[in-house]
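This report concerns only the one structure given below.
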Amino acid sequence: MLPAATYAPGPPAGSFFAGQTINGISFPTPSQPVEGFSSVLSGRTPGEFLAMPDNGFGTKANSRDFLIRAYYIEPDFKTAKGGTGAVTVKDFIQFRDPNGVIGFPIVNAGTTERFLTGGDIDPESMQRAKNGDLWVGDEFGPWVLHFDATGVLLEPPFPVPGSLVQPTVPGSLMSPSNPFLVPPDTATQPNSRGFEAMSSTPGGKHLYPILEGATVVDADTRRRFLFEFSIDDSEFTGRVWQYHTEQPGYLVADMRALDQHRLVVIERDGGRGLTAVFRNVYVVDLRDVGPDGFLEKHKAVDLTAIPDPDLISLPPIHAGDVRLGDPFGVACESIEAIHVIDGERLLLGCDNNLPNTGRNPSFADDNEFIVVKVPILKSLN
């Protein structure tokens, strides 16, 4: 667990909320908050991970002073055999556009470094290519962004051709936050329903971004489109799959590859604390499409009821913490990061949506990293 009030070097953030104290967090913050992890990758050494926050506080308007970064972290996982449960925050990658390739005005346009902020992009998913480059799924576009290993943007954003979801959708998919959306044109993808999840093949040949929510024009509000993107060709290949959520309001929160064909997918509701009642991890196989044209889903684990026979989740960190003990429940509103450690262990990370509550109704949610043993993954072939 990384406390909500964890800060890294950099200028203050949250001036939009200046003078307010929300769930114990005072704004503006003293420096850059280390919060809101939406993607987790392996790090440089065993036991280290690279964790990426999203745009900061939820919108372009309130996140213009939140710098887009990915932090190297090292958790000392609490287990039945020991461990403190603490998370060490190390150095970070600063995402930036010094060469001016992004194609639209950014908050820090007048600087040499051109650091990207939450007023420019909303990064929600991240993958690493074989050469070390970082590919990021964004919600403001929605689009795919290509950075080098140090965080320098290498190419303009890659938008999704609208024809991939419906022949009558002209141009590319656009959310209301897309900087290229000009009236009288209207958004074709709802705000904050872009590429929350994106996987890649183990060989690094393709990316597989999937929409978090249904498109504006889709009569089937449970449908989520999954696309194939060629890293070598830097373009969408035209291959598309369809995924059905259990309910129209459920969200595809993150996704990772088990092998060349199988993916683990987090599907969740929008609840938090005691109202977080649905968040399942499913396995899908890109070769396994049902007669209805949708990917077949196989439940791997229910994150609202994870067995904790050794009571690793106890004692509570704050008085009033909920969903602890046996079974343990993921209580953050946005369980948005999944990483495959090995053939039967998954690492899950919470986007705590600072300063929202979750684990505790009285305090801003901490950042939790949870390892779950899921032996059934080996048999879901």
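Computed from a predicted model, the values in this text were never measured in an experiment.
- Ion pairing of D321 with R359 is absent here, as no side-chain N (NZ or NE/NH1/NH2) approaches a carboxylate O to less than 4.0 Å.
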Residue pair F369, V40: steps toward the side-chain contact (heavy atoms from CB on, under 4.5 Å) verdict: CA-CA 10 Å; F369 298 93; V40 176; 4.2 Å; yes
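- L274 contributes atom CG, which lies 12.0 Å from atom OG1 of T304 (distance to the nearest 0.5 angstrom).
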H244 vs D220, side chain to side chain donor-acceptor pair (under 3.5 Å): CA-CA, chis, key distance, verdict: CA-CA 9 Å; H244 251 161; D220 184 352; 2.7 Å; yes
Side chain to side chain donor-acceptor pair (under 3.5 Å) assessment of D366 paired with H318: CA-CA 10 Å; D366 297 318; H318 308 288; 2.9 Å; yes
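- Of the charged side-chain nitrogens involved, none lies within less than 4.0 Å of a carboxylate oxygen, so that R268 and E333 do not count as a salt-bridged pair.
- Under 4.0 Å is where a charged nitrogen must lie from a carboxylate oxygen, and between E113 and R96 no such pair does.
- A single hydrophobic cluster is seen to contain both I376 and V340, as judged by linkage of ILVMFWY side chains at heavy-atom distances under 4.5 Å, directly or through other members.
- Side-chain contact between Y250 and R222 is absent, with no heavy-atom pair separated by less than 4.5 Å.
- To the nearest 0.5 Å, the span separating CG on L263 from CG on L258 amounts to 7.5 Å.
- In this structure, F16 has its ring center no closer than 6.0 Å to that of F57.
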Stepwise side chain to side chain donor-acceptor pair (under 3.5 Å) test for N178 and S175: CA-CA 5 Å; N178 190 303; S175 84; 5.7 Å; no
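- Residues R345 and L347 are not in side-chain contact: their nearest non-hydrogen atoms beyond the backbone lie 4.5 Å or more apart.
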Candidate pair R44 and D91, rule side-chain contact (heavy atoms from CB on, under 4.5 Å), full reasoning: CA-CA 12 Å; R44 299 161 293 193; D91 52 326; 2.8 Å; yes
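- Remark: R223 CZ is packed, more than 12 non-hydrogen atoms of other residues, nucleotides or ligands lying under 6.0 Å away.
- By the 6.0 Å contact criterion, NZ on K205 is open, its count of non-hydrogen atoms from other residues, nucleotides or ligands being 12 or less.
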